[in-house]
Amino acid sequence: MQWTLVIPLKPLARAKSRLADTAHDAVRPSLALAFAQDTVAAALACPAVKDVAVVTDDALAGRELALLGARIVADEPRGGLNAALAHGAAAVRADRPDGAVAALNADLPALRPLELCRVLDAAAEFPRAFLADAAAIGTTLLAASPAVELRPAFGPDSRARHRASGAVELALTEVDSVRQDVDTGDDLRAALALGVGRRTAAVAARLLIPGQ
């Protein structure tokens, strides 16, 4: 099965505020963009991925991610994460009505293409499926098979919310790079330990991170 990934990205100036203890205001937008670039690049390198659509109103991010090969969808609803994802999925299916669609976080800088393929291949066995994040509270990927509505429920406790919505939780091991999103300084250190993409590595080198 070939998938289209829908990746939401808020304006860079407002992204990653919880990293304030690790990255100051002048660096956080660059870090958020680097996360998204490394996520998109890895996703497009996954054989199970047909294409990637990024939902964003950030002009810089749109330009940079388009250069990597992503389709840019304007965040017309401007109603938050789930509205952006539903809008992106609808835009994708306007072109491919029966396509398989998966929502993927934009902050997976350690993402490995083959690990992402394992997750998508497992998700193909169910109408809707999701992968919990490394903290086992949130969600990093929500997948909907052809002709099945995505029905995103991201936000606080999204693992429980997606499970309650009927999506199947994928019980996979050795897919740490797909689980490791980055919201806090500890998350960033965990991603760096896994091995991040070159863009994140370059920006992170400007930070004073113990152990790096």
Side-chain angles (χ1 to χ4, degrees), residues 1-9 35-56 64-73 81 84-134 138-154 158-159 162-163 165-182 191 194-200:
M1 187 181 293
Q2 289 282 293
W3 296 81
T4 294
L5 302 187
V6 180
I7 299 178
L9 182 62
F35 292 167
Q37 288 173 303
D38 286 334
T39 299
V40 167
L44 287 170
C46 171
V49 174
K50 180 179 178 63
D51 50 17
V52 171
V54 177
V55 183
T56 188
E64 294 298 321
L65 296 171
L67 288 174
L68 294 177
R71 169 186 176 180
I72 306 304
V73 177
L81 179 57
L85 285 169
H87 174 66
V92 164
R93 283 187 164 157
D95 297 330
R96 298 175 58 211
D98 295 326
V101 174
L104 183 71
N105 288 9
D107 57 353
L108 299 169
L111 186 63
R112 302 286 189 272
L114 293 182
E115 291 186 13
L116 176 59
C117 282
R118 285 192 61 217
V119 174
L120 292 173
D121 287 347
E125 301 296 320
F126 307 99
R128 290 172 67 245
F130 72 96
L131 186 73
D133 64 9
T139 303
T140 57
L141 180 143
L142 172 69
S145 293
V148 176
E149 187 180 358
L150 186 61
R151 294 168 56 201
F154 287 83
S158 65
R159 179 189 184 189
H162 282 132
R163 186 188 291 155
S165 77
V168 174
E169 181 171 359
L170 299 173
L172 297 175
T173 59
E174 299 183 358
V175 291
D176 291 350
S177 76
V178 195
R179 296 185 186 275
Q180 189 57 67
D181 54 353
V182 177
L194 286 174
V196 296
R198 65 179 180 83
R199 298 167 185 85
T200 300

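Heavy-atom basis, side chains included; hydrogens, waters and symmetry copies ignored.
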Identify the heavy atoms of Ser165 and Arg151 that sit nearest to each other, and give their distance.
O-NH2, 3.1 Å

For Ala42 versus Pro113, what's the shortest heavy-atom pair and its separation?
O-CG, 3.4 Å

Roughly how far, to the nearest 0.5 Å, is the CD1 atom of Ile72 from the CD atom of Glu64?
10.5 Å

Aromatic plane relationship, Phe130 with His162 - under 30° parallel, 30 to 60° tilted, over 60° perpendicular:
tilted

So, the side chain of Thr200 versus the backbone of Pro109: is there a donor-acceptor pair under 3.5 Å, distance only?
no

Distance-minimising heavy-atom pair for Ala86 and Pro152:
N-CG, 4.2 Å

Chi angles and distances behind the side-chain contact (heavy atoms from CB on, under 4.5 Å) call for Leu85, Val55:
CA-CA 7 Å; Leu85 285 169; Val55 183; 5.9 Å; no

For a side-chain contact (heavy atoms from CB on, under 4.5 Å) check, start with the C-alpha distance between Arg71 and Val54, then their side-chain angles and the critical distance, and finish with the verdict.
CA-CA 6 Å; Arg71 169 186 176 180; Val54 177; over 6 Å; no

Is it the case that the side chain of Ser145 and the backbone of Phe126 share a donor-acceptor pair, with hydrogens and angles ignored and the cut-off at 3.5 Å?
yes

Ala48 and Cys117 have their tightest heavy-atom pair at N-SG, 3.6 Å

Thr140 OG1 to Asp133 CG distance, which is reported to the nearest 0.5 Å
6.5 Å

Value for OG (Ser158) from CG (Leu142), rounded to nearest 0.5 Å, stands at 9.0 Å

Side-chain heavy-atom pair Leu108, Glu115 within 4.5 angstrom cut-off
no

If you compare all heavy atoms of Ala143 against all heavy atoms of Leu150, which two are closest, and at what distance to 0.1 Å?
C-CD1, 4.3 Å

Look up atom CD in Gln180 and atom CZ in Arg112, then write down how far apart they are to the nearest 0.5 Å.
11.5 Å

Side chain to side chain, Phe35 and Asn105, heavy atoms closer than 4.5 Å:
no

Test of understanding: with side chain to side chain donor-acceptor pair (under 3.5 Å), list the residues that count as partners of Thr4, not counting sequence neighbours.
Asp51, Arg96

Considering all heavy atoms, the nearest Ala43-Leu5 contact
CB-CD1, 3.6 Å

Pick from Leu104, Leu65, Leu44: which one makes a side-chain contact (heavy atoms from CB on, under 4.5 Å) with Val52?
Leu44

Report yes if the side chains of Leu116 and Leu141 come closer than 4.5 Å at any heavy-atom pair, otherwise no.
yes

Would you please name every residue forming a salt bridge (Lys or Arg N to Asp or Glu O under 4.0 Å) with Glu169, sequence neighbours left out?
Arg159, Arg163

Quick one: CG on Leu170 to CZ on Arg179, what's the gap to the nearest 0.5 Å?
8.0 Å

How many angstroms lie between atom OG1 of Thr39 and atom CG of Leu111, to the nearest 0.5 angstrom?
6.0 Å

Could you tell me whether a side-chain N or O of Arg118 sits under 3.5 Å from a main-chain N or O of Thr173, the two making a donor and an acceptor?
yes

